[in-house]
Amino acid sequence: MRVAGTVAYDAHTLLAAACAAIVGSTVTLWCVSVVRGNAAMLFAAVIMAVAVCGTHYAVIAAVRVQPAVAAPAAGVPLFAMLTPVCGLACVLLSVLAYSTVGFSVRQDTANEEALLRRARDMYSVATLARAAEHRRTREREQEKSRA
């Protein structure tokens, strides 16, 4: 961004932004690597989103501009730019969240299907074993009754 003036940064605010970024990324990595499950991933995503947005706006707050010219600058009004940017951000985040959740649900569904298939196989084996045992018992009883 080009401005007619002098750009400087407030060191304390910039340091706070850097600390927020480090803490946010560390907590997010911890959540992803140590804690398991969808709730942990959602929690990590929220922490990361807050850390990224917080860091971004903290760095912006650290910027100090001393304009060289006192005349107002011509440009686009704030809400003319803010509305489409927020709308696009919401759509993008929704698509990313939906794809992430959809992928984990598909992964969970595949694992559940495998477990269900294994349970059905075990049930079939147990049913066949019970039927064979029942048949043998019936044959023994018939042999005893003949004798």
Side-chain angles (χ1 to χ4, degrees), residues 1-140:
M1 184 164 74
R2 294 185 198 148
V3 293
T6 307
V7 178
Y9 294 94
D10 178 34
H12 296 296
T13 310
L14 203 56
L15 183 62
C19 289
I22 292 169
V23 168
S25 62
T26 303
V27 170
T28 302
L29 286 173
W30 178 81
C31 284
V32 170
S33 63
V34 174
V35 183
R36 296 286 179 223
N38 291 335
M41 290 197 321
L42 180 64
F43 184 65
V46 168
I47 290 173
M48 195 63 190
V50 169
V52 167
C53 290
T55 301
H56 174 74
Y57 287 111
V59 169
I60 289 174
V63 175
R64 303 286 182 247
V65 177
Q66 184 65 35
V69 181
V76 179
L78 172 67
F79 288 107
M81 287 295 289
L82 190 61
T83 304
V85 167
C86 287
L88 184 63
C90 287
V91 168
L92 180 65
L93 288 175
S94 298
V95 167
L96 289 173
Y98 179 76
S99 64
T100 302
V101 170
F103 178 72
S104 65
V105 167
R106 282 194 303 270
Q107 210 172 24
D108 290 344
T109 303
N111 291 340
E112 290 167 358
E113 287 294 327
L115 285 172
L116 186 59
R117 194 173 22 250
R118 184 173 171 206
R120 285 181 185 147
D121 291 344
M122 290 172 66
Y123 179 75
S124 297
V125 169
T127 303
L128 290 174
R130 270 192 305 230
E133 182 64 32
H134 183 64
R135 191 175 341 126
R136 276 183 260 150
T137 304
R138 201 172 346 125
E139 288 172 358
R140 282 188 210 132

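Every heavy atom of this structure was used, including side-chain atoms; hydrogens, water molecules and symmetry mates were not. One is the number of the first residue; the rest follow in order along the sequence.
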> Which heavy-atom pair separates A51 from A20 by the least distance, and what is that distance?
Replying inline: CB-O, 4.2 Å
> Hey, mind stepping through V59 and L14 against side-chain contact (heavy atoms from CB on, under 4.5 Å) and telling me if it holds?
Replying inline: CA-CA 6 Å; V59 169; L14 203 56; 4.1 Å; yes
> What distance do L116 atom CG and D121 atom CG have between them, rounded to the nearest 0.5 Å?
Replying inline: 9.5 Å
>> Working to the nearest 0.5 angstrom, can you tell me the gap between H134 NE2 and E139 CD?
In response: 10.5 Å
>> Checking S25 now: which residues fulfil side chain to side chain donor-acceptor pair (under 3.5 Å) with it, not counting sequence neighbours?
In response: none
>> With salt bridge (Lys or Arg N to Asp or Glu O under 4.0 Å) as the criterion, how do R136 and E133 come out once you've worked through the C-alpha distance, each side chain's angles and the decisive distance to 0.1 Å?
In response: CA-CA 5 Å; R136 276 183 260 150; E133 182 64 32; 3.4 Å; yes
> Applying side chain to side chain donor-acceptor pair (under 3.5 Å), which residue pairs with at least one partner in residues 9-23 are found, sequence neighbours left out?
Replying inline: D10-T13
>> Looking at every non-hydrogen atom in both residues, tell me the closest pair between I22 and T26 and how far apart they are.
In response: O-OG1, 2.7 Å
